[in-house]
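Notes follow the structure.
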2 protein chains.
Amino acid sequence: MARPRTSPRTVEHPSVEEVSLQQLLEALVDPVRRAVVSQLARARGEMSCGTFDVQVSRSTLTHHFNVLREAGVIRQYYVGTTKMNALRVDEMEERFPGLLSALVAAGRLEADA
Amino acid sequence: MARPRTSPRTVEHPSVEEVSLQQLLEALVDPVRRAVVSQLARARGEMSCGTFDVQVSRSTLTHHFNVLREAGVIRQYYVGTTKMNALRVDEMEERFPGLLSALVAAGRLEADA
DNA sequence: GCCATCGTACGACCCTCGTCGAAATAGCGG
DNA sequence: CCGCTATTTCGACGAGGGTCGTACGATGGC
């Protein structure tokens, strides 16, 4: 093979130390972005951008992914033309202990109710 | 007609069950409101409206208190002309376990850093 | 009664942010 | 080389919300 799938397109991620609580909350206050996080948490792995169940246009979704990435919530990387997304759960847990998990749990609580 | 008494000004509070996660996050995404919550948490009791250390006008502060109250975060009651504020910690803990405490802890983490 | 104090109501301003569509870019498969 | 698909960029628009000043209301002290 030796066909390097390595993407020329790279994505910039902040260190979790650089993200502020303000940034994190601004990212998670949007219902669409919380839906993304929720679906990622349920998937327990990565999902490509196109596989999310949200009611917004593609360009809007791109915007939401950018916000989540800049807030340190998700990690993204390209696989061919598709972009994969994964929660940075462990890192966020280290940065703001219990916060992301409590938020995901709260969202789940409401969804079940 | 039997008029309701005018002397004790009463304040309406939602039940924590009525509060949505969306409402809670919208309330806590504002830095001024988080400062209020933070100072209340540190005080471990009630504080009158005028004793908070925030950089906004009185009318703006009133608005922030309303948002926090409607989100179920604080309980308010009048004592003479002053209005007291207290965190509804136990109730919020029951509604969204771990969330408020993780947020307060996160804010403290950042403040110390 | 009168006034100082504390909080509220209202209206206005402004600016951020979520939203979209259309056009552009990047890799994949033939 | 040519589409095809997935995602991005850009500009524009509109709603919402944080802010303030000012006018008003309620309370307690004198």
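In this text the structure is predicted, and so the values were computed from the model without any measurement. Within every chain, numbering begins at 1; the chains are lettered A, B, ... in the order of the sequence lines, protein sequences first and strands thereafter.
Mapping B/Thr51 and A/Arg58 onto DNA chain C by nearest heavy atom places B/Thr51 closer to the 5' end of the strand. Between B/His63 and B/Ser59, the residue whose closest nucleotide on DNA chain D is further toward the 5' end is B/His63.
Counting to the nearest Å, the P atom of C/dG18 and the CD atom of B/Gln22 are 11 Å from each other. For the pair B/Phe52 CZ and C/dC6 P, the computed distance is 15 Å after rounding to whole Å. The interatomic distance linking B/Glu12 (CD) with C/dT8 (C1') rounds to 16 Å, in whole Å. The nearest whole Å value for the distance from the CD atom in B/Glu26 to the P atom in D/dA15 is 17 Å. In this structure, A/Leu61 places its CG atom 13 Å from P of D/dA6, rounding to the nearest Å. Atoms CZ (B/Arg69) and P (C/dT8) sit 8 Å apart, rounded to a whole Å. Atom CG of B/Asn66 is separated from atom P of C/dA9 by 7 Å (rounded to the nearest Å). One interatomic measurement links the two molecules: CG of B/Asp30 to C1' of C/dC17, which rounds to 15 Å at whole-angstrom precision.
Note on B/Tyr78: only backbone sugar-phosphate atoms sit closer than 4.0 angstrom, heavy atoms only; bases stay farther off. As judged by a 4.0 angstrom heavy-atom cut-off over every strand, A/Thr82 is placed among residues touching the sugar-phosphate backbone only. Looking at heavy-atom distances under 4.0 Å, B/His64 makes contact with sugar-phosphate atoms alone, never a base.
Between B/Pro31 and A/Gln22, the shortest heavy-atom contact is CG-OE1, 3.6 Å. Shown here for A/Val54 and A/Ala35, the closest heavy-atom pair between the two residues is CG1-CB, 4.4 Å.
Looking at B/Arg88, B/Glu94, B/Glu93 one by one, the single match for side-chain contact (heavy atoms from CB on, under 4.5 Å) with B/Val16 turns out to be B/Arg88. Here the rule is side-chain contact (heavy atoms from CB on, under 4.5 Å) with A/Asn85, and of A/Leu68, A/Leu40, A/Val37 only A/Leu40 fits it.
For B/Thr60 against D/dG18, a side-chain-to-base donor-acceptor contact under 3.5 Å is absent.
The nucleotide whose nearest atom lies closest to any side-chain atom of A/Cys49 is, among D/dA26, C/dG7, D/dT7, D/dT7.
A sub-4.0 Å separation between OP1 or OP2 of D/dT8 and a side-chain N or O of A/Lys83 is present. Phosphate proximity of C/dC20 to A/Ser57: present, with a side-chain N or O under 4.0 Å from OP1 or OP2.
Taking CD from B/Gln39 and CG from B/Leu87, the interatomic distance works out to 11.0 Å, rounded to the nearest 0.5 Å.
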